[in-house]
There are 2 protein chains.
Amino acid sequence: MSRWANVLPDREEVLEAKRKAIIREAAKVFNRRGSHGATLEDVSERLGVTKAALYRYVQSKQDLLFACHEEAMEIARESIDKGEAEGRNGLEKIQIGMSGYLREMIGAMGVPVLILEENALTGRQAERIIALRDEFEARMRRLVEEGIADGSIVPLNPKLAMFMLLGAVHWVTKWYSPDGPWTADDVADALIEMATRGLASRPGAKLRARIHK
Amino acid sequence: MSRWANVLPDREEVLEAKRKAIIREAAKVFNRRGSHGATLEDVSERLGVTKAALYRYVQSKQDLLFACHEEAMEIARESIDKGEAEGRNGLEKIQIGMSGYLREMIGAMGVPVLILEENALTGRQAERIIALRDEFEARMRRLVEEGIADGSIVPLNPKLAMFMLLGAVHWVTKWYSPDGPWTADDVADALIEMATRGLASRPGAKLRARIHK
DNA sequence: CACATAAGTGAACGCAGAGTAGCTTAGCCT
DNA sequence: AGGCTAAGCTACTCTGCGTTCACTTATGTG
């Protein structure tokens, strides 16, 4: 039945691995060119196949875009889970959550942040992604409120704080290159430290992340 | 020669006003849908004309996109000019510059921030916009350095700080709606106060902007 | 080895949307 | 009023790209 003690990759696994690879490259292309500007040929080229080959793994371009967004939201959810589990107050939860999110997003294996364009997704798919995003934003906002309540964050508008942090984080895909001098970890630590310092009730007198020297 | 004491709009003026209106609406559409996802019909519809009519005022979609970016960079330049002129130290210059920028961008008459997608512009036009953007970013970075030197900003990586601020500001177009409860002024003040607090060497114990209550 | 099935290719097809051409209407001047 | 030009519209053309189809090449099995 099973040969080589099952060390050989299974059909299913190979298929899933390829699908993952497609999603990862597609996300990069969608990010750089926008969802309409990106062509399936851009994606297939990066993978060394023709665009027709992609259709063995995805149903349509829409489907692919949706999968990218789902993946991104999944990472967001896991990150905020981690933050909630490990942080000792609202501020720490946010810091842990956001820096994990950022690291995953721009790190070697990760999926870059996707900016959702209006009408890029439609119908059920749009609803689903927007629901996930809203849930994520609501959880972030609640962490800010928690931080204000426990005294780790100064009184401020939670929604605005949440948007400020998300902006700082999502913008990273516009300038970050893994080929540059900074690692994903460096950037995640330094950026989150700086951005959350604006919220902290007792902001440190110095910044400690490596990039700030 | 001149009738009605020149209160009647001149041909040239009308033409220019229409062109401005096109640019303003186009910028909104480009922002929401992405530069490839935006159609000229979207733009013309908002102006109550057909897309063919647009071609009396712009040469091509590319041309229009370029004009939008030029306009945005012009506002950026003016804002930073103002910040440099009026601020008393690095931090203040940044605060004044950025909040002016944001106000102009999202305010009633302004052009929303444009996110430059790779390959949306090409050749000379791309070069020009990228050069303007680089110049703007360099000036911002220098203000951060100035702030560190004059003691208003804690020692940190100036480039990263600049990117953080730009992210927070540019992201605003993704969530701000003029129909919501907040005015452009409200948002500009509150957001910039919060974001720059992360850089300040002596961050205020409270946030004063109206939105933070 | 022969065969079955999966994986991938190159060449179409079709459609949305940029851009154009020629006609119609509106505004202004004498 | 008549005529001139600007402004706009309707109805096209044309191109790029998503998607499909018929075919070829690889992979694994009895």
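- One atom, CZ of R19(B), and another, C1' of dA7(D), lie 17 Å apart when rounded to the nearest Å.
- When rounded to the nearest whole Å, the span between CZ of R56(B) and P of dT20(C) equals 13 Å.
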Sequence neighbours left out, cut at 3.5 Å: what donor-acceptor pairs do the side chains of residues 43-53 of chain A make with other protein atoms?
from	atom 1	to	atom 2	distance (Å)
S44(A)	OG	L40(A)	O	3.2
S44(A)	OG	E41(A)	O	3.1
S44(A)	OG	K51(A)	N	3.4
R46(A)	NH1	E25(A)	OE1	2.7

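- Heavy-atom minimum distance, V144(B) versus P158(B): CG1-CA, 3.7 Å.
- Atom CG of L54(A) and atom C1' of dA6(C) are 16 Å apart (whole Å).
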Tabulate below the donor-acceptor pairs under 3.5 Å that side-chain atoms of residues 67-74 of chain B make, not counting sequence neighbours, or state none.
from	atom 1	to	atom 2	distance (Å)
E74(B)	OE1	R77(B)	NH2	3.3
E74(B)	OE2	R77(B)	NH2	3.3

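- Ring planes of Y101(B) and H170(B): perpendicular class, angle over 60° (limits at 30 and 60°).
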Notebook entry, point to check: In the 5'-to-3' direction, what one-character label does each nucleotide of nucleotides 14-22 of chain D receive under the scheme B = base within less than 4.0 Å of a protein heavy atom, S = sugar-phosphate only, - = no such atom?
Noted result: ---SBBB--

For residues 129-139 of chain A, which side-chain N or O atoms pair as donor and acceptor with protein atoms under 3.5 Å away, sequence neighbours left out?
from	atom 1	to	atom 2	distance (Å)
R139(A)	NH1	D81(A)	OD1	3.3
R139(A)	NH2	D81(A)	OD1	2.8
R139(A)	NH2	E84(A)	OE1	2.8

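- For H36(B), the ring pair (Phe, Tyr, Trp, His ring centres under 6.0 Å) test picks out no residue, with sequence neighbours left out.
- Proximity note for Y57(A) (side chain, C-beta onward) versus dT9(C), dA7(C), dG8(D): the nearest is dA7(C).
- Of the residues in residues 122-129 of chain B, none has a non-hydrogen atom less than 4.0 angstrom from any atom of DNA chain C.
- At the phosphate of dG8(D), OP1 or OP2 sits under 4.0 Å from a side-chain N or O atom of K18(B).
- Side chain to side chain, D63(B) and S60(B) fail the donor-acceptor criterion of an N or O pair below 3.5 Å.
- I22(A) has its CD1 atom 12 Å from the C1' atom of dG8(C), to the nearest Å.
- A donor-acceptor pair shorter than 3.5 Å can be found between the side chains of D186(B) and T183(B).
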